[in-house]
Undergrad: 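Got a structure here, written out as structure tokens. Questions coming.
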Amino acid sequence: MFMYTVGPCTLLYFIYEMTKSTKDENKKLFAAIIFCAFSALFWAFFEQSGGSLALFARNNLDGSLLWLSPSQINNSANSVFVIIFAPLVGLLFLFMNKRKFEPNSVVKFGLGFIFLAAAFYIFFMCKHYADENGITSLYVFTFAYLIITFGELFLSPIGLSLMTKLSPKRLVGVMMGTWFLASAYGQYLAGILGAGMAAPQENATKIEELQAYTDGYHQLAIYAVVCGGVLILISPLIRKLMGEVK
């Protein structure tokens, strides 16, 4: 009930606030809401680690990587990769900015979805490395987590920054809350999507489970690349709404 009421109430509140805002402020608020909506979609795809990917790691992976089991890889790989690569991605953006070819924030959002799509396509490709028992490669699985981390690094910190820049001062706290509310909706949708990837029957074989999950990841890859393409295509329009905000 909370999920079905808090979102509409938040939108109604923003409509009310827009009646008290200037035209330029309303444009920026509308751009911020667009970012929040796409953020919810991103986390809906991304947050499979606590659901379908956890089951996939438990049922269809074997062996170890650096003494870590598949479930440990599923639970820790993304965090480890964020710690390692976040400073490097930040330096990359600074390098690109100094040479005047850094992509704008909307394009970075779109690229985050493209990385996400690539990661889920690699999860899908795990089926081609499976043996006759439905057990597939932990190395390919871990590589997909590396790619998915770059998607997060292109979207999450950019979105947090934009929420403060696009909001009128009186609404900065509310907009930050809305950004995290979008994450909550994304994780709620992630559970629904993960449940839809469940094996076709309770006593399914590992081969059937592998097929069910990888087919689902293939669909997520398609959805993610569509979202990324749409964002990149409409980036000029959103940039106009953002005004002077970079």
Side-chain angles (χ1 to χ4, degrees), residues 3 6-47 78 82 86 89-90 92-93 96-97 102-120 148-190 193 220 223-246:
M3 297 302 291
V6 68
C9 287
T10 302
L11 286 176
L12 288 174
Y13 177 74
F14 274 114
I15 292 171
Y16 166 72
E17 285 290 347
M18 284 179 170
T19 64
K20 303 189 299 181
S21 302
T22 66
K23 184 178 179 180
D24 286 342
E25 286 176 338
N26 283 338
K27 287 181 179 180
K28 292 175 184 177
L29 280 173
F30 188 60
I33 291 171
I34 292 174
F35 283 120
C36 286
F38 275 96
S39 168
L41 290 173
F42 180 89
W43 298 117
F45 305 150
F46 180 94
E47 291 290 354
N78 175 239
V82 166
V89 171
L92 173 65
F93 288 155
M96 296 171 75
N97 181 265
E102 181 186 12
N104 65 55
S105 296
V106 190
V107 172
K108 287 178 182 176
F109 246 66
L111 290 174
F113 276 98
I114 300 301
F115 277 112
L116 188 67
F120 276 105
I148 210 172
T149 298
F150 283 105
E152 180 182 7
L153 292 175
F154 268 71
L155 183 139
S156 184
I158 306 302
L160 289 168
S161 173
L162 286 174
M163 292 304 104
T164 59
K165 293 178 180 178
L166 291 171
S167 307
K169 288 185 178 180
R170 71 181 190 278
L171 293 177
V172 170
V174 175
M175 186 55 74
M176 289 297 290
T178 304
W179 172 261
F180 289 109
L181 178 62
S183 299
Y185 272 99
Q187 296 193 42
Y188 178 72
L189 292 171
L193 290 171
L220 291 185
Y223 299 153
V225 78
V226 168
C227 288
V230 168
L231 262 176
I232 292 171
L233 284 175
I234 67 173
S235 61
L237 174 62
I238 300 178
R239 285 288 298 118
K240 287 183 180 180
L241 293 174
M242 292 168 62
E244 78 284 358
V245 174
K246 301 297 183 183

Undergrad: Compare all side-chain heavy atoms of Cys36 with those of Met163 and state whether any distance is below 4.5 angstrom.
TA: yes
Undergrad: Could you walk me through whether Lys169 and Glu25 pass salt bridge (charged side-chain N to carboxylate O under 4.0 Å, His left out), step by step?
TA: CA-CA 10 Å; Lys169 288 185 178 180; Glu25 286 176 338; over 6 Å; no
Undergrad: Could you list the residues that satisfy salt bridge (charged side-chain N to carboxylate O under 4.0 Å, His left out) with Lys240, not counting sequence neighbours?
TA: none
Undergrad: Phe38: what forms a ring-ring contact (aromatic ring centres under 6.0 Å, His included) with it, not counting sequence neighbours?
TA: none
Undergrad: Please collect all salt bridge (charged side-chain N to carboxylate O under 4.0 Å, His left out) contacts where either partner lies in residues 10-22, sequence neighbours excluded, each pair once.
TA: Glu17-Lys20, Glu17-Arg170
Undergrad: Arg239: what forms a side-chain hydrogen bond (donor to acceptor under 3.5 Å, both in side chains) with it, not counting sequence neighbours?
TA: none
Undergrad: Thr19: which residues meet the side chain to side chain contact (heavy atoms under 4.5 Å, CB included) condition with it, sequence neighbours left out?
TA: Tyr16
Undergrad: With Leu153, which residues qualify under side chain to side chain contact (heavy atoms under 4.5 Å, CB included), at least two apart?
TA: Val82, Phe85, Ala86, Val89, Thr149
Undergrad: More than 12 heavy atoms of other residues, nucleotides or ligands under 6.0 Å from CZ of Phe93: is that the case?
TA: yes
Undergrad: Tell me every residue that passes side-chain hydrogen bond (donor to acceptor under 3.5 Å, both in side chains) with Lys27, counting only those two or more places apart in sequence or in another chain.
TA: none
Undergrad: With rounding to the nearest 0.5 Å, note down the distance linking CG in Leu193 to CD in Glu47.
TA: 12.0 Å
Undergrad: Would you compute the distance between atom CG of Asp24 and atom CG of Leu241 and round it to the nearest 0.5 angstrom?
TA: 10.5 Å
Undergrad: Nearest 0.5 angstrom please: Lys28 NZ to Thr22 OG1, how far?
TA: 8.0 Å
Undergrad: Sequence neighbours left out, what passes ring-ring contact (aromatic ring centres under 6.0 Å, His included) with Phe180? Give chain and number order.
TA: none
Undergrad: Name every donor-acceptor pair, under 3.5 Å, that has one atom in a side chain of residues 104-120 and the other anywhere in the protein, sequence neighbours excluded.
TA:
unit_1, atom_1, unit_2, atom_2, d
Asn104, OD1, Val106, N, 3.0
Asn104, OD1, Val107, N, 2.9
Lys108, NZ, Glu102, OE2, 2.4

Undergrad: Between Ile148 and Phe45, does the side chain to side chain contact (heavy atoms under 4.5 Å, CB included) criterion hold? Intermediate values first, please.
TA: CA-CA 10 Å; Ile148 210 172; Phe45 305 150; over 6 Å; no
Undergrad: Do Ser39 and Trp43 get their side chains close enough for a donor-acceptor pair, meaning under 3.5 Å?
TA: yes
Undergrad: With Ile234, which residues qualify under side chain to side chain contact (heavy atoms under 4.5 Å, CB included), at least two apart?
TA: Val230, Ile238
Undergrad: Within the 4.5 Å heavy-atom criterion, are Leu220 and Tyr223 side-chain neighbours or not?
TA: yes
Undergrad: Name all residues meeting the side chain to side chain contact (heavy atoms under 4.5 Å, CB included) criterion together with Phe14; count only those two or more places apart in sequence or in a different chain, and write none if there are none.
TA: Thr10, Leu29, Ile33, Val174, Met175, Thr178
Undergrad: Output all residues satisfying salt bridge (charged side-chain N to carboxylate O under 4.0 Å, His left out) with Glu152, sequence neighbours left out; order by chain, then residue number.
TA: none
Undergrad: Which atoms form the tightest heavy-atom contact between Tyr185 and Pro8, and what is the distance?
TA: OH-CD, 4.2 Å
Undergrad: Find out whether Phe35 and Leu166 are in side-chain contact, i.e. whether some heavy atom of one side chain is under 4.5 Å from a heavy atom of the other.
TA: yes
